[in-house]
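What follows is one structure encoded as C-alpha cells, with my remarks underneath.
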Amino acid sequence: MNIPQAPETPSGGNAPYECTTTTVDMQEKQARLPNEQSRQYLHLKVEYAMRFPRLTAATRRNGRLYNISLKQLMMSGLIRIDEIARNYHWYYKAEVPFDIRTTPPRPYLSSTLLKAEKEQRRHTLNPFPEAGKGIYRRPDIIIVKNKQDRWPGLAGPDNEGIMHADNLERLVEVKFPEDSFGDGQYRDYMLIVGMDRERFTILEIHDCRPDEGKQADHVFNVAGKAISKYWPMFFYPPIFLPRPPGTPQPARIEPWTHASEGMVADLSEGMVDGIAEGWDALSAEVQAMFRYTGGWLNDSGTWLHIRAEGTWQWVSKTGKKLSFWTDEQLRAAWAGIQKATDLTLETLKQIDWVQVLTSVAKTVGVILVAIGIGAVVVTLGIPEALIAAFLLIIRLAIMAWESLSTVLAVGAGTAAVAAQ
C-alpha cells in the first residue's frame with residue numbers, strides 16, 4: 001500500500017510562517033475543514049487554549065515528573081465537555097482511540113455500555129483501551145457527518161462484528177507551536193481515513209498576536225495563580241452547554257493551570273511534610289466542594305481498611321474528624337466512574353497523579369489525570385457527584401492496591417453476572 005507523502009509539518013523544517021492577522025491563526029494543511037462552522041468552532045477552542053503554558057506535574061512520593069502540554073489538554077477537555085453535555089451526540093469528538101491493526105482501523109467503543117446500548121454506544125473514553133504498544137492511535141479530533149450516530153469511523157464492523165455506516169467526515173490533527181508530527185503518525189492517520197487525503201486536516205497553529213498580547217498572557221500566567229484563587233476568572237472557556245439565555249458561562253478553569261513556573265502537585269497525595277500542595281493549587285470554590293467529602297486531601301494521616309466491617313477509615317494525625325467509607329460505597333462509586341470513563345482496574349493501577357481541571361454546572365466535572373504509561377496526561381469527565389470518590393479511589397489504589405482491587409473486583413464480578 002502506497003502512503004501519500006505527508007505535507008510539511010511543524011517538525012518538518014518549514015519556512016517561517018508569515019502572519020496576515022494579529023490573532024491566533026489556524027493554517028489548514030492537506031485538506032480544508034468541512035465548513036466555516038467547524039472552523040469557527042475549533043478556532044474558539046484553539047484561541048482559548050493558546051493562553052496556557054507548558055507545565056510540569058510532580059509526585060513527591062516517588063519523584064516522578066510529567067510534562068503537560070496544557071494547550072493540547074485544554075482543547076481536548078473543552079471538546080469533551082461539549083460531548084458530555086449532549087450525551088455524545090455531537091459533531092466533534094476528542095481523542096478517539098482507533099485500532100490500527102484492522103482494515104480500516106476501527107474506533108474502540110465503550111465496553112462498559114456494551115450490554116445497555118449495544119451498537120448505539122459511544123466511543124471509549126479510556127485513553128488506553130488495550131494493553132500493548134503500537135496498536136492504536138488517538139487523533140486529536142474526529143468530526144462526524146451525523147451527530148446522532150455515535151460511530152466515529154469509516155464503514156465497517158465494530159469489535160462485536162456489528163456493521164456501521166461511514167460517519168467519518170474529517171480527522172483533524174492540531175499542532176500547536178513546538179508540537180511534533182512524525183511520519184509514522186501520519187501514515188497511521190491516513191489509514192484511519194481510508195487513504196483519502198481530503199478527510200485528513202492538519203491544523204497548524206500560529207500565534208500572530210502582537211508582542212504585547214503575548215506578554216499579557218505571560219503576565220497573567222505569573223500573577224493569575226495567586227489572584228485567580230478567588231473567582232470569577234477574567235475569561236470563561238468556550239464551552240457550549242445548553243442553558244437559558246442570559247445565564248453565565250457554567251465553567252471555570254482551576255488556577256494551577258496558569259502557573260508559569262514550578263511543579264503542579266498531585267491532589268490525591270494529601271499533606272506531605274505538613275504541606276498539602278495539591279490542595280493549595282485549587283480555587284477556594286473547589287476546595288469548598290470537597291469540604292465534607294474530601295477533607296483528607298488537606299490533612300496528614302492514613303486510610304485503614306477494616307476488612308471485618310467492610311469499611312475504610314481516615315486516621316488523622318492532626319485530630320480532624322474521621323472520614324468513613326464502606327466497601328459498598330466504593331463499589332457503587334467505581335461502577336459510576338466506569339460508566340462515565342470506561343476505566344479498568346488495570347488502567348486505574350497506573351494512575352500516578354491527578355488534579356481538578358474544571359467543574360461544569362452541577363452535573364459534570366473534568367478531572368485531569370496522569371497515567372503512568374509513557375508519562376501521558378489525559379482528561380477524563382467525571383460526574384461531579386463522584387469526584388470525591390474518584391480521588392479517594394486513586395489514593396487507595398496507590399497506597400493499598402491489593403485491598404482495594406479485591407473490593408472493586410467483587411463489584412465488577414457482580415455487575416457482570418447481573419448484565420448477562
Side-chain angles (χ1 to χ4, degrees), residues 20-52 69-96 98 107 122-123 125 138-153 166-177 179 181 189 192-193 198-209 233 235-245 247-253 257 357-358 360-361 364 366 378-379 381:
T20 58
T21 69
T22 56
T23 182
V24 175
D25 270 7
M26 299 194 313
Q27 184 181 14
E28 300 165 53
K29 290 191 171 183
Q30 181 161 295
R32 300 279 295 177
L33 290 169
N35 50 53
E36 186 59 27
Q37 288 76 17
S38 61
R39 182 177 177 83
Q40 291 175 359
Y41 176 86
L42 293 180
H43 190 268
L44 283 171
K45 307 294 187 186
V46 164
E47 190 173 38
Y48 184 82
M50 279 294 293
R51 297 175 180 269
F52 295 87
S69 174
L70 271 179
K71 293 176 176 61
Q72 198 84 31
L73 203 67
M74 191 65 65
M75 180 191 68
S76 298
L78 296 178
I79 294 173
R80 180 60 50 79
I81 294 171
D82 288 340
E83 290 185 78
I84 294 171
R86 292 161 178 81
N87 198 22
Y88 298 91
H89 294 291
W90 188 232
Y91 288 112
Y92 308 91
K93 302 182 184 298
E95 299 191 351
V96 176
F98 282 80
R122 55 162 170 74
H123 60 87
L125 304 178
R138 292 194 309 270
D140 289 335
I141 303 163
I142 295 294
I143 304 176
V144 298
K145 298 177 179 180
N146 176 10
K147 67 178 181 180
Q148 298 306 322
D149 183 356
R150 287 167 157 182
W151 174 257
D166 179 8
N167 197 35
L168 197 161
E169 177 73 30
R170 188 76 81 252
L171 184 156
V172 182
E173 185 67 7
V174 181
K175 292 304 172 188
F176 289 97
D179 285 350
F181 189 47
Y189 287 178
I192 291 173
V193 299
E198 295 304 311
R199 294 203 198 197
F200 180 10
T201 300
I202 300 170
L203 206 58
E204 193 171 306
I205 310 305
H206 301 277
D207 193 349
C208 294
R209 295 174 298 169
M233 283 281 288
F235 48 86
Y236 289 95
I239 296 171
F240 303 112
L241 292 177
R243 62 188 187 277
T247 56
Q249 288 278 0
R252 288 165 179 162
I253 304 298
T257 60
L357 176 63
T358 179
V360 181
V364 181
V366 171
V378 298
T379 55

Does some side-chain heavy atom of Ile142 sit less than 4.5 Å from a side-chain heavy atom of His123? no
Answer yes or no: is there a donor N or O on one side and an acceptor on the other, between the side chain of Arg39 and the main chain of Arg32, under 3.5 Å? no
Do we see a donor-acceptor contact under 3.5 Å between the side chains of Asn87 and Arg150? yes
Are the side chain of Asn167 and the backbone N or O of Trp151 linked by a donor-acceptor pair below 3.5 Å? yes
pair Val144-Asn146: side-chain heavy atoms closer than 4.5 Å: no
Main-chain N/O of Glu198 paired to Arg170 side chain as donor or acceptor, under 3.5 Å: yes
Inter-residue atom distance Ile143.CD1 - Lys93.NZ, 0.5 Å rounding: 11.5 Å
Taking all non-hydrogen atoms of both residues, which atom of Pro139 and which atom of Phe98 are closest, and how far apart? CD-CD1, 3.9 Å
Determine, step by step, whether Ile202 and Tyr189 satisfy the side-chain contact (heavy atoms from CB on, under 4.5 Å) criterion, reporting the C-alpha distance in whole Å, the side-chain angles of both residues, the deciding distance to 0.1 Å, and the verdict. CA-CA 11 Å; Ile202 300 170; Tyr189 287 178; over 6 Å; no
Within a strict 4.5 Å, meaning less than it, do heavy atoms of the Leu33 and Leu203 side chains meet? yes
Shortest non-hydrogen separation from Asp166 to Leu168 and the atoms involved: OD1-N, 3.1 Å
Side chains of Asp82 and Lys45: closer than 4.5 Å at any heavy-atom pair? yes
CE-NE2 distance between Met50 and His206, expressed to the nearest 0.5 angstrom: 10.0 Å
Measure the acute angle between the ring planes of Tyr92 and Tyr41, then classify it against the limits of 30° and 60° as parallel, tilted or perpendicular. parallel
Any side-chain heavy-atom pair from Asp179 and Ile205 closer than 4.5 angstrom? no
Heavy atoms of Glu28 and Thr201 approach each other most closely as CB-CG2, 4.2 Å
Check whether any side-chain heavy atom of Ile79 sits under 4.5 Å from a side-chain heavy atom of Glu95, and report yes or no. no
Would you say the side-chain atoms of Arg199 pair up with the backbone N or O of Ala31, donor to acceptor, closer than 3.5 Å? no
For Leu73, is there any backbone N or O sitting under 3.5 Å from a side-chain donor or acceptor partner on Ser76? no
Validation row: Tyr91, Ser38 side chains within 4.5 angstrom (heavy atoms): no
Between Gly381 and Ile84, what is the shortest heavy-atom contact and its length? CA-CD1, 3.8 Å
If you define the side chain from C-beta out and look only at heavy atoms, does anything of Arg138 sit under 4.5 Å from Val96? no
Kindly give the heavy-atom pair with the smallest separation between Phe176 and Ala49, and that separation in Å. CZ-CB, 4.1 Å
Whether Arg80 side chain and Ala94 backbone form a donor-acceptor pair below 3.5 Å: yes
Side-chain donor or acceptor of Asp140 paired with backbone N/O of Val172 under 3.5 Å: no
Do the side chain of Arg51 and the main chain of Glu47 share a donor and acceptor less than 3.5 angstrom apart? no
Assess the residue pair Lys71 and Asp207 against the criterion (salt bridge (charged side-chain N to carboxylate O under 4.0 Å, His left out)); give the C-alpha distance rounded to whole Å, side-chain angles, the decisive distance to 0.1 Å, and a yes or no. CA-CA 12 Å; Lys71 293 176 176 61; Asp207 193 349; over 6 Å; no
